[in-house]
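The next block holds one structure in the form of structure tokens; read it before the comments.
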Amino acid sequence: MLDIQLLRKDLPAAIAGLKRRGFAFDEAAFLKLEGERKSVQSRTEELQGKKNTLSKQIGMLKGKGEDASVAMAESTAITDELKANETKLAEIQEKQSAFLRVVPNIPRADVPDGKSEHDNVEVRRWGTPRKFDFKPKDHVDVGAGLGGLDFDTASKLAGARFSVLKGGVARLHRALAQFMLDVQTREHGYTEVYVPYMVTGECADGVSSLAKFKEDLFKIEGRDLYLIPTSEYPVTNFVRDTIVDAKDLPMKFACHSPCFRSEAGSYGKDTRGMIRQHQFDKVELVQIAHPDKSTEAHEELTRNAEAILQKLELPYRTMLLCTGDIGFSSARTYDLEVWLPGQDAYREISSCSNFEGFQARRMQARFKNEKGKTEPVHTINGSGLAIGRTLVAVLENGQNADGSVTIPAALVPYMDGVTVIPAKAGIQPSK
RNA sequence: GGAGGGUUGGCCGAGUGGUUGAAGGCACCGGUCUUGAAAACCGGCAGGGCCGCAAGGCUCUCGUGAGUUCGAAUCUCACACCCUCCGCCA
């Protein structure tokens with residue numbers, strides 16, 4: 001949620017900022033609500049004050065055993081008007097809150113203008129895509145060749161956009177999760193956490209807009225619970241409704257969890273393979289930071305995610321998302337894109353965002369600043385990394401002419417010393 | 001599934017329908033004392049909203065929502081969550 005003070009103080013600037021990301025802020029509606037709110041609120045509080053004064057008087061009079069009927073009559077007289085005003089005020093505040101909660105964050109000034117992903121800016125690139133002396137296959141064929149990727153069984157079990165992993169590939173999947181968690185906790189100072197894979201609607205609305213994006217989530221029937229689309233949902237909500245000690249900042253958490261996404265609206269997109277699934281695993285990095293340190297924290301977290309790609313020797317590039325491609329809650333986002341030889345393209349494998357105070361205001365997550373005042377914390381998160389896509393990258397980048405896959409050295413200890421997953425005899429790649 | 005207990009400020013915990021946003025303690029901050037620290041003592045210290053340049057003022061909030069009342073942390077009802085015991089299951 002945007003800071004309403006900002007809207008009151010400098011509405012044109014906020015509108016201009018939102019316009020950069022293609023959001024048309026309804027200024028007239030906002031001003032109308034604000035005007036109504038002001039007058040109704042002040043009248044309500046005036047009446048409440050009157051009532052309080054009278055009640056105190058009555059208390060005093062009764063305490064002394066005197067007659068209080070005049071004050072009591074006076075108090076009764078304003079009851080109806082008070083109630084009417086209180087009801088009206090609650091309605092207005094409800095409307096205002098609903099209005100504000102679907103307004104996205106304002107991109108920071110240093111976010112490049114743009115309409116779509118094509119306008120994102122490459123800020124750095126690491127590694128050189130390998131030259132193959134044969135035509136590299138995509139992960140679906142590589143996985144089939146290993147006898148380790150089975151989409152037919154998956155669809156029998158749960159339909160499209162699921163996968164079944166077997167043998168060395170399943171093991172590789174597990175190894176990746178362990179490896180990522182170990183790097184983030186041992187080398188980068190994150191605390192490992194395990195969390196519920198469902199959260200309440202309130203928590204979901206704390207990190208994003210439930211009203212806007214609930215079609216993207218799987219909901220538990222008959223209950224106010226949603227399967228998490230990323231562990232950002234539970235982990236960021238650790239600090240919801242709390243005032244954290246400034247000296248406990250930054251808080252750094254790493255969480256391995258499955259992620260569930262309905263992928264509504266992406267029909268026909270990435271239908272082949274395990275690039276876009278209803279269920280995938282991810283190691284998520286979350287930082288709760290002091291506002292003065294959040295830019296730094298965002299850079300650090302992005303580097304922490306990049307470290308995984310480097311250790312796995314996977315070429316990637318870091319993109320600064322443009323205003324048109326940035327997520328609802330984000331003020332600034334880097335995407336990491338890994339090189340996939342099977343697609344001959346860089347594909348997103350991590351998204352690292354600084355939400356500044358946007359989520360914190362939705363969640364009421366605060367700390368006491370130097371002046372002793374409460375202030376929203378800043379929240380930062382990013383994938384470190386998406387495990388399914390990392391698996392895809394390892395299979396495609398590590399494939400050999402004979403159909404086997406070479407395991408990156410950093411992963412070998414996690415594979416019980418296995419350096420190569422051999423091709424399974426007799427299994428033919430799909431056409 | 002059955003029975004019972006609970007939900008109060010950063011934390012613990014008291015609370016009679018009436019000047020209670022709420023005793024007391026802990027934690028925290030400031031001060032006195034001390035060579036320094038500790039202890040002791042003194043003082044400060046909830047959050048949200050609104051108005052105000054500020055100082056400050058007003059208002060709301062004792063799980064949530066409704067109700068009774070001139071007035072509710074306190075009474076009534078509904079709901080949520082937590083805990084204990086029994087049963088069942090991993």
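Hydrogens, waters and symmetry mates play no part in the numbers below; they use all other heavy atoms, side chains included. Because the structure is a prediction, the values reported are computed rather than measured.
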Q.
Roughly how many Å apart are B:C85 and B:U74, using the C1' atom of each and rounding to a whole number?
A. 30 Å
Q | Residue pairs involving residues 76-89 of chain A (criterion salt bridge (Lys or Arg N to Asp or Glu O under 4.0 Å); sequence neighbours excluded) | A | A:E36-A:K88, A:R43-A:E81
Q.
Taking side chain to side chain donor-acceptor pair (under 3.5 Å) as the definition, give me every residue that meets it alongside A:K56, ordered by chain and number, with sequence neighbours left out.
A. none
Q | Distance, P atom - from B:G10 to B:U64, rounded to whole angstrom | A | 13 Å
(Q) Heavy atoms only, 4.0 Å cut-off, all strands: where does A:N52 land among base, sugar-phosphate and nothing? (A) sugar-phosphate
(Q) With salt bridge (Lys or Arg N to Asp or Glu O under 4.0 Å) as the rule and sequence neighbours excluded, what pairs involving residues 167-178 of chain A come up? (A) A:R171-A:D416
Q) Looking only at atom P, what distance separates B:A22 and B:U76, rounded to whole Å? A) 25 Å
Q: Take nucleotides 43-55 of chain B nucleotide by nucleotide from the 5' end and write B, S or -, depending on whether a protein heavy atom sits under 4.0 Å from the base, only from the sugar-phosphate, or from neither.
A: ---SSSBSS----
Q. Could A:E263 and A:R161 be called an ion pair, given the rule that one side-chain N must be under 4.0 Å from one carboxylate O?
A. no
Q: Any chance you could encode RNA chain B as dot-bracket? Rule is Watson-Crick or G-U wobble with both distances under 3.5 Å; [ ] for pairs crossing earlier ones, | for another strand.
A: ((((((((.[[[..)..(.....]]].(((((.......))))).((((((....)))))).[[[[[..)....]]]]])))))))....
Q. Does the side chain of A:T379 come under 3.5 Å of the side chain of A:Q287 through a donor N or O and an acceptor N or O?
A. no
Q: Keeping to residues at least two apart or across chains, list the ring-ring contact (aromatic ring centres under 6.0 Å, His included) pairs with something in residues 46-92 of chain A.
A: none
Q. Strictly under 6.0 Å, is that where the ring centroids of A:F260 and A:F280 end up?
A. no
(Q) Give me the distance, rounded to whole Å, that separates B:G4 from B:C58 when you measure between the P atoms they each carry. (A) 47 Å
Q: Would you check, one step at a time, whether the test salt bridge (Lys or Arg N to Asp or Glu O under 4.0 Å) holds for A:D270 with A:R347?
A: CA-CA 11 Å; A:D270 298 315; A:R347 291 297 308 260; 3.0 Å; yes
Q | Rounded distance in Å between the C1' positions of B:A46 and B:C28 | A | 13 Å
Q: Please list, chain by chain and in numerical order, all residues satisfying side chain to side chain donor-acceptor pair (under 3.5 Å) with A:N105, sequence neighbours excluded.
A: none
**Q.** Residue pairs passing the salt bridge (Lys or Arg N to Asp or Glu O under 4.0 Å) test where at least one lies in residues 248-261 of chain A, sequence neighbours excluded
**A.** A:K252-A:E300
Q. Which value, in whole Å, describes the distance between the C1' atoms of nucleotides B:U34 and B:G21?
A. 38 Å
Could you write out each protein N or O paired with an N or O of nucleotides 67-76 of chain B at a distance under 3.5 Å?
| unit_1 | atom_1 | unit_2 | atom_2 | d |
| --- | --- | --- | --- | --- |
| B:C70 | O2' | A:S75 | OG | 2.3 |
| B:G71 | O4' | A:S55 | OG | 3.3 |

Q.
Please report the distance separating the C1' of B:U19 from the corresponding atom of B:C12, rounded so that it comes out in whole Å.
A. 28 Å
Q. Does A:E34 have any side chain to side chain donor-acceptor pair (under 3.5 Å) partners at least two apart in sequence or in another chain, and if so, which?
A. A:R8, A:R37, A:Q96
Q) Would you say the ring centroid of A:F218 lies under 6.0 angstrom from that of A:Y226? A) no
Q: Identify, residue by residue, the members of residues 199-210 of chain A with a heavy atom below 4.0 Å from RNA chain B, and return them in order of residue number, or none.
A: none
**Q.** C1'-based separation of B:C81 from B:G65 [nearest Å]
**A.** 14 Å
Q. Can you name the side chain to side chain donor-acceptor pair (under 3.5 Å) partners of A:E232, sequence neighbours left out?
A. A:Q359, A:N381
